[in-house]
Amino acid sequence: MDNSLPPYLERLNDRQREAVLAINGPVSVLAGAGSGKTAVLTTRTYHLIRKGIPAEKILAVTFTNKAAREMRERIARMLDVHEGRDRRPGAYGLPFIATFHGLGRELLETYGSIMGIPRHFCVYDRDDSKSAIRKALKELEVDPKEISPAAILARISKAKSEGMTLPEFREKFGRESFRTRIVAEAWTKYEETLKKEKALDFDDLIMLPVRLLERHEDVRELVQKRFTYLHIDEYQDTSVLQGRLVQLMAGEKQNLFVVADVDQAIYTWRNATIENLLSFSETYPGTKTIILEHNYRSTKTIVEAANQIIQINQNRNKDKRSVTNNPDGERITIHAAGNAEEEASWVAREVSRSSFPLEEVAILYRTNAQSRALEEAFLHAQIPYRLLGTRFFDRKEVKDVLAWARLVLEPDREADRIRAVQSPSRGIGKVTLGKITAGRIEELRPSDRAKVESFEKVVRELGDAAETLPPSAFLKLVIEKSGMETALLKEGEEGQDRLENIKELGALASRHDETPGRDGISAFLADSALASDQDEMDRPLEAKKKGVTLMTVHAAKGLEFDMVFVTGLEEGLFPHENMAEEERDEEEERRLFYVAVTRAKKRLVLTLARIRRVYGTDFFSEPSQFLRDIDPSLVSFLEADEYEDVIQI
DNA sequence: GCCGCGTCCGTTTTT
DNA sequence: CGGACGCGGC
């Protein structure tokens, strides 16, 4: 008998190998930062296939689209499968690799008809949901100033992601207070809008599949048979409902493999709960737990600093501590700048002085607002950069095109009609539109009627074209026929940029060109709703850019760079001072700092500004308490006298 | 119906 | 400070 290991297993350490080889039954892997958990997930998937498990029986759920795509590419390479343009998660006989939302979408598209879910639904993003709520408030004659649409949406979203239905919410909170009554009323209207527009929101993409599997045993069995091996990444950041979905899918076999790090739980504000992880072995008796604490990523200095930071948290597994065989490396640099602009230009200067390739440098910050000063500094220093998180899909012109496309597929979508009719503006406004929706078409002036008819004609023509055209050609036609192209060309330089953005959208759509007609277009639309602005691969132009990466700490999760700058280390900013007392969570902020620090492989630089501008006014800021958590022996200051000043012993 | 101007508000973090 | 929204004049 041949006892030698295949090369892909030899590369792993004992614990990692144990994780890969634990094929049946529930397994939880508690992995520290930089411990090679991605390698474990990928290798395990590959190993299962080598063992004869059909690839399409394996489901892997990742946290981001980017992680999904990378894993899919890696496995395709290992299996020597050449992926074509088909972007569906399970294409080419590969495992089904997607985010929870991508999985939910697949389940609803495939099995949702039994619950009356339309075949072509569109997905509402946060802004869509917000305007739907705003509309609901208007109908209810509630002043949005009294209760903000955002707050209502947050409450609805929380209820939904806990698995609570609208009637249950009414029952429980309907009489509690004025506030909750408004929430219940707005929720009712909101659901009506969703239904009318054949739309689902992000929470629906999880909630409805759960309901589907709970209520329909036949579907549950079908799904359990379809996926016999389940891999879940970042399990500490799953919600109650996502946990339940996993459980429903795992079924009796429970060939369930989850990877998690409690110290990197940074999404509780998005209704993630570490309860799923803490109760894992109770939910799944016979769980095998494997701890990966060896860090392959960072220098000893960085690993040691990370340990010092995270061990201050009370709410964690105190035995878990990262170790590394890597060299000590350089000390951590702390720099205090005068204000945000000086901080930014100092960072830019340090980047150009360093010898790391620009692709190996990341600039991290707590809030998106901080990116502006940094962007300007990099522009000024002529250092190429990529800015993640500029909400591409939030841009007006992009939303306009998507609205047009959605309207063409589903002429009942009121919100999209209002948007489309105004882009470009064609002399039809709210009043005219209101008359149409109310069915009072005869009241229209002849000139208005002509305008409306020509608009509707364009929509119809595009509708016909949508039946056969590949998505990218369809989009091109939309841009032309809607009149957007002509209008933008008239606008000069800014219009050119906008046209560029729209064309980028066309490039995205071409990924679905192998599925022409409504199916492909609708898949593209769902893609863009689920696409993340944090993922440069979702944007062809952004992906081509090379350079330093600017992003929030949240967006940096899972990534690694030779040199990492963590900026804005000031009290109130990082840790962030929350408005709502009850939401303040110092330990989560510290975990976030831990995530930031552990992104660095070789050099870590922490910066702050003594004066920070908030809403246009300057404030003095105190250095972040987090800076004091790192032992001085690991730190070097550029100016010696800065030390006591910043650390404030 | 459109556009310009004034006011008000916000900022965590995002699939 | 800057984006979103509303009001009022054209």
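In this text, all values refer to a predicted model and were calculated from it rather than measured experimentally.
Among the heavy atoms of the strands lying under 4.0 Å from R134(A) are primed sugar atoms or P, OP1, OP2 only; no base atom is included. At the heavy-atom level, F63(A) lies under 4.0 Å from the strands shown only through sugar-phosphate atoms.
When side chains are defined from C-beta on, E397(A) does not count as touching K399(A), because their heavy atoms never get closer than 4.5 Å. The closest side-chain heavy-atom distance from K557(A) to Y267(A) is below 4.5 Å.
For the pair K130(A) NZ and dG3(C) P, the interatomic distance rounds to 15 Å; values are reported in whole Å. Between N368(A) atom CG and dT14(B) atom C1' the separation is 9 Å, expressed in whole Å. For the pair N271(A) CG and dT14(B) P, the computed distance is 15 Å after rounding to whole Å. Atom CZ in R395(A) sits roughly 13 Å away from atom P in dA4(C) (whole-Å rounding). Here dA4(C) presents its C1' atom at 14 Å from NZ of K396(A), a figure rounded to the nearest Å. Regarding E341(A), its CD atom lies at a distance of 12 Å from the P atom of dC1(C), rounded to whole Å. The CE atom of M551(A) sits 11 Å away from the P atom of dT14(B) (whole-angstrom rounding). I232(A) places its CD1 atom 18 Å from the P atom of dT15(B), with the value rounded to the nearest Å.
Crowding of R613(A) atom CZ: a count of heavy atoms from other residues, nucleotides or ligands under 6.0 Å not exceeding 12.
For the pair T617(A) and dC1(C), the criterion of a side-chain N or O lying under 4.0 Å from OP1 or OP2 is not met.
Here the nucleotide nearest the side chain of T99(A), chosen from dT13(B), dT15(B), dT11(B), is dT15(B). Of all nucleotides listed (dG2(C), dC1(C), dT15(B)), dG2(C) comes nearest to the side chain of R372(A). Picking from dC1(C), dT13(B), dT14(B) the nucleotide with the shortest atom distance to the side chain of A555(A) gives dT14(B). The side chain of F202(A) approaches dT15(B) more closely than any other nucleotide in the set dG10(B), dT14(B), dT15(B).
The nearest heavy atom of DNA chain B to Q422(A) and to A150(A) marks one nucleotide each, and the one closer to the 5' end goes with Q422(A).
Atom CD of Q236(A) and atom OG1 of T273(A) lie 11.5 Å apart (nearest 0.5 Å).
Distance alone, capped at 3.5 Å, places no donor-acceptor pair between the D618(A) side chain and the I611(A) backbone.
For the pair W269(A) and dT13(B), the ring geometry qualifies as stacking, because the centroid separation is below 5.5 Å while the planes lie within an angle under 30°.
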